[in-house]
Number of protein chains: 2
Amino acid sequence: MIENIIGCKWSLTVIDLIRRGIKRPGAIQREVEGLTTKVLNERLRKLVRFEIVEKTIYPENPPRVEYNLTRFGNEFITILDSIEELERRFSEN
Amino acid sequence: MIENIIGCKWSLTVIDLIRRGIKRPGAIQREVEGLTTKVLNERLRKLVRFEIVEKTIYPENPPRVEYNLTRFGNEFITILDSIEELERRFSEN
DNA sequence: CAGTATCCAGACCGATACTG
DNA sequence: CAGTATCGGTCTGGATACTG
């Protein structure tokens with residue numbers, strides 16, 4: 001099941017951006033070359049469904065939305081860190 | 001890049017079986033309902049390429065082949081363990 | 001037993017256009 | 001700004017048949 005998160009394009013990138021404080025869809029999209037709104041929203045919905053991020057809607061005009069890591073999401077990124085660490089070690093051969 | 005491992009179907013299952021001592025293609029396939037030889041071999045090739053497992057060929061008749069975790073592979077499964085742990089925690093809600 | 005080749009359905013993703 | 005709908009191309013995986 002977690003492959004459903006890790007396995008699809010952009011997921012990890014999105015999680016990483018949110019963790020770094022880039023929380024609004026527009027901002028995220030501006031950061032990621034090639035990420036369309038459709039795919040971004042698919043990812044965000046999935047991340048919400050898996051309780052990795054949570055969505056907050058501020059009823060303003062224009063609408064403002066923020067995504068934040070949940071507690072579970074914070075545990076999740078420790079795995080991402082391990083993965084990055086491993087990749088580093090792998091590329092060093 | 002490691003998403004290429006984690007992200008595709010059956011990869012984690014195969015790694016897990018090898019780690020548990022089920023090292024021969026035939027045996028692996030018998031364990032996994034729905035895994036075809038084509039896909040199994042694709043996975044194994046990928047795992048070898050990423051140096052997670054290594055292949056040993058015993059020049060016998062009938063041919064015998066074994067796949068074993070490399071040192072890197074052993075580090076890799078610590079991540080799998082974390083993932084499983086997380087999934088457990090996730091399903092408990 | 002180990003491994004490859006081919007064919008095909010479905011998933012995934014990007015482009016585009018559009019709504020609130 | 002946030003989000004949905006639709007259409008198509010590409011890539012992945014499953015079924016099957018086959019070779020050494």
Side-chain angles (χ1 to χ4, degrees), chain A residues 1-18 20-70 73, chain B residues 1-70:
Chain A
M1 88 136 248
I2 269 179
E3 303 98 79
N4 279 316
I5 305 287
I6 301 182
C8 55
K9 207 172 169 183
W10 306 124
S11 269
L12 300 188
T13 311
V14 171
I15 295 175
D16 197 54
L17 287 171
I18 293 174
R20 292 170 192 226
I22 302 177
K23 307 178 167 192
R24 302 183 58 184
I28 293 172
Q29 207 176 340
R30 253 172 276 122
E31 291 287 325
V32 188
E33 162 89 24
L35 175 59
T36 62
T37 64
K38 177 199 158 195
V39 173
L40 173 58
N41 282 307
E42 283 173 0
R43 293 304 168 274
L44 288 172
R45 245 181 284 127
K46 197 178 270 190
L47 292 177
V48 168
R49 179 150 43 84
F50 281 90
E51 299 173 24
I52 288 177
V53 304
E54 65 195 355
K55 176 178 185 173
T56 312
I57 304 177
Y58 298 92
E60 308 172 352
N61 205 308
R64 185 160 66 96
V65 172
E66 274 188 17
Y67 291 88
N68 285 279
L69 289 179
T70 61
Chain B
M1 73 134 254
I2 267 178
E3 303 100 78
N4 279 315
I5 305 287
I6 302 181
C8 55
K9 205 171 169 183
W10 306 124
S11 269
L12 301 188
T13 312
V14 170
I15 295 174
D16 196 53
L17 287 171
I18 293 175
R19 138 213 233 177
R20 293 168 190 227
I22 301 177
K23 306 177 167 192
R24 302 184 58 184
I28 294 173
Q29 207 177 339
R30 251 172 277 123
E31 292 287 327
V32 188
E33 162 89 25
L35 174 59
T36 61
T37 63
K38 176 197 159 195
V39 174
L40 172 58
N41 281 307
E42 282 172 1
R43 293 303 170 272
L44 289 171
R45 245 182 282 126
K46 197 179 268 190
L47 292 176
V48 169
R49 180 151 41 84
F50 280 90
E51 299 174 24
I52 288 177
V53 304
E54 64 194 355
K55 177 177 183 174
T56 312
I57 303 176
Y58 298 91
E60 306 172 354
N61 205 306
R64 185 159 67 95
V65 173
E66 275 189 17
Y67 291 88
N68 286 279
L69 290 179
T70 61

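All values below were derived from every heavy atom in this structure, side-chain atoms included, with hydrogens, water molecules and symmetry-related copies excluded. By convention in this document, chain letters (A, B, ...) are assigned in the order of the sequence lines, proteins followed by strands, and residues within each chain are numbered from 1.
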| request: Both distances under 3.5 Å, Watson-Crick or G-U wobble: on that basis, could you give the dot-bracket string for DNA chain D, with [ ] for crossing pairs and | for other-strand partners? | output: ||||||||||||||||||||
| message | Using the side-chain heavy atoms of Thr36(B), tell me which of these nucleotides is nearest: dA17(C), dG14(D), dA2(C). | response | dG14(D)
| said: So if I take every side-chain heavy atom of Pro62(B) and compare against dC1(C), dC1(D), dT4(D), which nucleotide ends up nearest? | reply: dC1(C)
| message | Would you say that Pro25(B) contacts Thr37(B) through its side chain, given a criterion of any heavy-atom pair below 4.5 Å between the two side chains? | response | no
| said: Please confirm whether the shortest side-chain N or O distance from Arg24(A) to OP1 or OP2 of dA2(D) is below 4.0 Å. | reply: yes
| Reckon Tyr67(B) touches a base, only the sugar-phosphate, or nothing at all at heavy-atom distances under 4.0 Å? | sugar-phosphate
| field | Length of the line joining Glu33(B):CD and dG14(D):P, which is rounded to integer Å | value | 11 Å
| remark: When rounded to whole Å, the CD to C1' distance for the pair Glu3(A) and dG13(D) reads 15 Å
| field | Which nucleotide in dT4(C), dC1(D), dG14(C) has an atom nearest any side-chain atom of Arg30(A) | value | dC1(D)
| task | Can you tell me the distance, in whole Å, between the NZ atom of Lys38(B) and the P atom of dA2(C)? | result | 20 Å
| Does a donor on one side chain and an acceptor on the other come within less than 3.5 Å for Lys23(A) and Asn68(A)? | yes
| query | Are OP1 or OP2 of dG14(D) and a side-chain N or O of Trp10(B) less than 4.0 angstrom apart? | reply | yes
| request: Measure the CG-NZ distance between Asn4(B) and Lys46(B) for me, rounded to the nearest 0.5 Å. | output: 5.0 Å
| Min side-chain heavy-atom separation Val65(B)-Arg24(B) under 4.5 Å | no
| remark: When rounded to whole Å, the NZ to P distance for the pair Lys46(A) and dC12(C) reads 6 Å
| Gln29(B) CD - dT16(D) P separation (whole Å) | 14 Å
| Interatomic distance, Leu35(B) CG vs dG14(D) P [rounded to whole Å] | 8 Å
| Arg45(B) side-chain N/O to dG3(C) phosphate OP1/OP2 under 4.0 Å | no
| request: Apply salt bridge (charged side-chain N to carboxylate O under 4.0 Å, His left out) to the pair Arg64(A) and Glu66(A), showing each step before the final yes or no. | output: CA-CA 7 Å; Arg64(A) 185 160 66 96; Glu66(A) 274 188 17; 3.2 Å; yes
| Options dA2(D), dG14(C), dG20(D), nucleotide nearest the side-chain atoms of Val39(A) | dG14(C)
| said: I need the CG-C1' distance between Leu40(B) and dT4(C), as an integer number of Å. | reply: 13 Å
| request: Give the nucleotide from the list dG14(C), dG3(C), dG3(D) with an atom nearest to the side chain of Thr37(A). | output: dG3(D)
| message | So, OP1 or OP2 of dT12(D): does either fall under 4.0 Å of a side-chain N or O from Lys9(A)? | response | no
| Choosing from dT4(D), dC13(C), dG20(D), which nucleotide comes nearest the side chain of Asn41(A)? | dT4(D)
| said: In whole Å, I'd like the distance from the CG atom of Leu44(B) to the C1' atom of dC1(C). | reply: 14 Å
